[in-house]
Asks: 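Submitted below is the structure of interest, expressed as structure tokens.
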2 protein chains.
Amino acid sequence: MRITLNDVAKRAGVSRNTVSLVVNGKYDKVKEETRERVEDVIQEMGYVPNFAARQLTGKRTKTLGVILPPLRNAFSFYNMSEMSSGISDAAGAQGYNLMFFVCNERFKQGLNIRLLKDSRIDGGLILDNGRLVIHNIEELERDEIPFVILNYRLERPKTNYVAIDKEHGSYLAVKHLIDLGHRRIGFINGSLPQHIEERFYGYRRALDEAGINLDPECVVTVTEGWVEKTGYEAADMLLELPQPPTSIVTSSDLIAIGVYKRLKEKGLRVPEDISVIGYDDIPIARYQDPPLTTIRQPYYDLGVKAVDILMRFIKNRDQKSVHESIKPILVNRASCSYPPR
Amino acid sequence: MRITLNDVAKRAGVSRNTVSLVVNGKYDKVKEETRERVEDVIQEMGYVPNFAARQLTGKRTKTLGVILPPLRNAFSFYNMSEMSSGISDAAGAQGYNLMFFVCNERFKQGLNIRLLKDSRIDGGLILDNGRLVIHNIEELERDEIPFVILNYRLERPKTNYVAIDKEHGSYLAVKHLIDLGHRRIGFINGSLPQHIEERFYGYRRALDEAGINLDPECVVTVTEGWVEKTGYEAADMLLELPQPPTSIVTSSDLIAIGVYKRLKEKGLRVPEDISVIGYDDIPIARYQDPPLTTIRQPYYDLGVKAVDILMRFIKNRDQKSVHESIKPILVNRASCSYPPR
DNA sequence: TGCGATTATATGAGCGTTCATATTTTAAGT
DNA sequence: ACTTAAAATATGAACGCTCATATAATCGCA
């Protein structure tokens with residue numbers, strides 16, 4: 001049997017309430033001497049307040065729920081870790097604990113939404129891995145549970161989101177190449193449907209601005225498994241074009257690494273023969289040969305910002321919903337140069 | 001105000017108990033017709049049982065707590081993700097949810113142990129990142145909270161752990177090189193104190209078995225930041241030895257990649273001039289040039305096994321404590337060969 | 001010394017469930 | 001139809017806390 005408030009009270013010879021006051025740090029309401037006695041007993045008995053009981057009286061749980069997609073299909077581990085660190089630091093700074101709920105397949109049936117609804121948490125952060133969440137989002141809204149969606153733009157009047165501006169990311173990449181003089185830019189697009197779309201828009205916008213015609217042949221879209229192998233294969237498609245591109249924009253560093261590999265096999269040098277640009281700035285990007293120019297996605301900041309927004313809603317539910325973007329930045333290393341000839 | 005059992009009961013014109021029975025799937029105790037009516041109302045009102053209230057009555061929470069070290073200092077993201085996937089799959093298979101608690105600095109003061117003690121979870125999985133946990137472990141034992149420590153061998157009569165056998169891992173690596181004919185084997189050791197020790201033992205054992213004298217100069221130990229840079233620098237130290245090794249055993253793939261880099265700069269070919277062996281088998285290992293021979297650590301299995309053990313203890317507390325090892329395996333790719341000359 | 005004003009502590013109800021138990025309804029058997 | 005058993009449903013307490021409130025102890029000051 002676990003130690004309860006009552007056990008402590010009895011042992012210390014005081015009432016439940018007094019112990020409660022001590023536990024909750026209401027030191028001005030209890031005599032110094034009594035407080036010390038109670039604290040000693042708490043220490044000695046190893047008392048920890050029962051979360052459920054406290055919760056039942058309507059107290060804040062001081063914990064945030066984070067819903068993650070199944071880890072195996074998660075977007076880059078690195079991004080996810082960065083984001084989690086941001087969430088963790090920001091929540092910790094406000095004295096909040098975190099519960100990470102990892103979805104499994106049952107997510108579709110709404111079981112995970114329950115985890116946010118059953119009063120274990122003060123608010124939720126939902127990392128969307130596509131569209132899964134949409135099925136149950138109205139329930140959260142109806143129950144007025146504060147939540148923020150990360151990494152996906154869900155345009156609903158009562159829904160908050162923070163997302164990285166993928167459009168801007170690929171715009172930056174393409175613009176960089178155009179500035180270097182490239183006119184024929186291959187694009188290996190990938191990831192979630194929404195991201196694919198946004199990335200494509202960024203690509204197109206940069207091209208448009210420079211008055212370059214978009215050649216659909218230059219765009220390879222991969223809808224899953226965006227790892228080295230994907231890049232390796234997609235590079236092949238691009239290189240076999242009648243008029244191959246002088247540069248390749250990718251949608252992940254891993255893809256770029258796969259591209260590197262294929263290029264090397266074909267005897268093409270980066271960046272002399274062909275420029276390559278990554279996406280994510282994962283730790284190994286800088287150690288590639290040549291060091292990979294890439295787009296850094298501030299996932300840490302994404303996490304921090306999401307927590308900030310969520311906290312605002314926890315403290316005051318009647319806010320206007322927040323839709324925020326975080327801009328990626330270009331990390332210029334050595335894999336891009338002027339086009340050959 | 002959130003919907004309660006009572007609200008549902010009133011609306012459905014039945015008693016609390018009936019609704020409770022339906023919610024808990026005790027279908028044999030309630031008439032089909034009533035059940036359907038109640039289920040409709042639940043659906044309609046979006047009722048979700050209050051976790052705290054249910055918990056208060058002593059029910060299993062059907063959730064496991066996972067304590068993770070601060071993500072930023074975590075060991076390889078990849079390993080951690082693998083492990084989390086294992087945990088997640090195994091827990092999910094038994095209908096259990098997961099709460100990941102990410103430690104922050106306050107961990108030392110025992111605040112995170114509270115998360116395991118406050119009855120939110122049925123049991124805990126603690127990923128140790130060194131020694132942090134030790135301070136509070138007695139409290140968990142005293143309260144008879146089922147828990148398992150992952151990745152660290154904490155030898156206590158009432159404590160369970162599952163750890164990957166690092167000793168065996170480096171033994172395998174060194175043995176592999178010895179079998180190829182190497183006699184002078186550099187060793188870049190790293191990670192947590194306990195792991196460093198175990199790895200060293202494995203290294204020594206393989207050497208002993210082959211009757212090779214251990215030359216302390218060949219062992220470089222790095223106590224933090226085991227990333228590419230570390231490998232790059234450690235490689236330097238080894239190469240500058242009067243009699244440089246013909247092969248290098250590392251303690252992470254990232255280190256091995258750093259080693260590759262330095263070797264290439266020095267014009268040394270892998271494996272013709274020098275053999276290199278990694279540790280972890282992270283996804284990019286196979287895409288290195290040459291593909292990296294490495295030691296695969298079954299972190300996924302570690303997670304699964306930990307959950308299995310924990311479940312046993314949840315179901316029956318009076319078990320003998322379990323100390324288990326998981327053996328890494330050698331993944332033979334192309335970075336090791338016969339020594340030169 | 002005693003009275004009100006503080007300050008310190010104690011008490012009772014209630015939070016939303018789940019049990020154990022009590023009550024009602026239905027069905028079965030004579 | 002009438003008892004009895006079984007099935008279906010209802011009720012009250014309990015879980016361990018936190019509030020609002022009640023009581024007791026302490027103090028200042030006439």
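Naming: A, B, ... by sequence-line order, numbering from 1 per chain. Just the heavy atoms: all of them, side chains too, but no hydrogens, waters or symmetry mates, feed the values below. Please read these numbers as outputs of a predicted model, since none were measured by experiment.
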Asks: Name all pairs fulfilling the salt bridge (charged side-chain N to carboxylate O under 4.0 Å, His left out) condition that reach into residues 3-17 of chain A, sequence neighbours left out, sorted by first residue then second.
Replies: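 For residues 3-17 of chain A: A:Arg11-A:Glu44.
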Asks: Got a sec, which residues hit side-chain contact (heavy atoms from CB on, under 4.5 Å) with B:Asp122, two or more places apart in sequence or on another chain?
Replies: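 side-chain contact (heavy atoms from CB on, under 4.5 Å) list for B:Asp122, sorted by chain: B:Arg60, B:Thr61, B:Tyr96, B:Ile314.
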Asks: Output the single nucleotide from D:dT11, D:dG16, C:dT9 whose closest atom is nearest the side chain of A:Thr57.
Replies: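 Nearest to the side chain of A:Thr57 among the choices is D:dG16.
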Asks: Starting at NZ of A:Lys26 and ending at C1' of D:dC19, how long is that distance when rounded to a whole Å?
Replies: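 So the NZ-C1' distance, A:Lys26 to D:dC19, works out to 9 Å.
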Asks: Does OP1 or OP2 of D:dC17 have a side-chain N or O of A:Ser20 closer than 4.0 Å?
Replies: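 For A:Ser20, the contact criterion (side-chain N or O under 4.0 Å from OP1 or OP2 of D:dC17) is not met.
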Asks: Side chains of residues 22-30 of chain B: which donor-acceptor partners sit under 3.5 Å, not counting sequence neighbours?
Replies:
from    : atom 1 : to      : atom 2 : distance (Å)
B:Asn24 : OD1    : B:Arg54 : NH2    : 3.3
B:Asn24 : ND2    : B:Ser20 : O      : 2.8
B:Asn24 : ND2    : B:Ser20 : OG     : 3.4
B:Tyr27 : OH     : B:Glu39 : OE2    : 3.3

Asks: Does A:Arg16 make a side-chain donor-acceptor contact with the base of D:dT18, cut-off 3.5 Å?
Replies: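 Between D:dT18 and A:Arg16, which were checked side chain against base, a qualifying N/O pair under 3.5 Å is present.
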Asks: Determine whether the side chains of A:Tyr161 and A:Asn151 contain a donor N or O and an acceptor N or O closer than 3.5 Å.
Replies: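 Not at all, the side chains of A:Tyr161 and A:Asn151 share no donor-acceptor pair under 3.5 Å.
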Asks: To the side chain of B:Asn24, which of D:dC19, C:dT18, D:dA10 is closest?
Replies: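 Among D:dC19, C:dT18, D:dA10, the one nearest the side chain of B:Asn24 is C:dT18.
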Asks: Kindly state which residues belonging to residues 27-35 of chain B come within less than 4.0 angstrom of DNA chain D, counting heavy atoms of the residue only, listed by number.
Replies: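 Residues of residues 27-35 of chain B under 4.0 Å from DNA chain D: B:Asp28, B:Lys29, B:Val30, B:Lys31, B:Thr34.
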Asks: Give me the residues of residues 44-53 of chain A where at least one heavy atom lies under 4.0 Å from an atom of DNA chain C, by number, or none.
Replies: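 Contacting residues: none.
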Asks: What residues form a side-chain contact (heavy atoms from CB on, under 4.5 Å) with A:Glu36, not counting sequence neighbours?
Replies: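 Partners of A:Glu36 under the side-chain contact (heavy atoms from CB on, under 4.5 Å) test: A:Glu32.
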Asks: Counting C-beta onward and ignoring hydrogens, is there a side-chain heavy-atom pair between B:Thr18 and B:Arg35 closer than 4.5 Å?
Replies: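 Not in contact.
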Asks: Would you check if there is a donor-acceptor pair between the side chains of A:Arg156 and A:Ser321 at a distance under 3.5 Å?
Replies: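 Side chains of A:Ser321 and A:Arg156: no pair found under 3.5 Å.
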Asks: Looking only at side-chain atoms of A:Thr4, point me to the closest of D:dT9, D:dG16, C:dT9.
Replies: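 For the A:Thr4 side chain, the nearest candidate turns out to be D:dG16.
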Asks: C:dT18, C:dC15, D:dC15: which one has an atom nearest the side-chain heavy atoms of B:Leu56?
Replies: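 The answer is D:dC15, which lies nearest to the side chain.
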Asks: Out of D:dC17, C:dT9, C:dT17, which has the shortest distance to the side chain of B:Arg54?
Replies: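 Ranking D:dC17, C:dT9, C:dT17 by closest atom to the B:Arg54 side chain puts C:dT17 first.
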Asks: Test your reading of the model: is there a side-chain donor-acceptor pair from B:Gln194 to the backbone of B:Arg153, 3.5 Å cut-off?
Replies: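 Indeed, once roles are kept as given, a pair shorter than 3.5 Å links the two residues.
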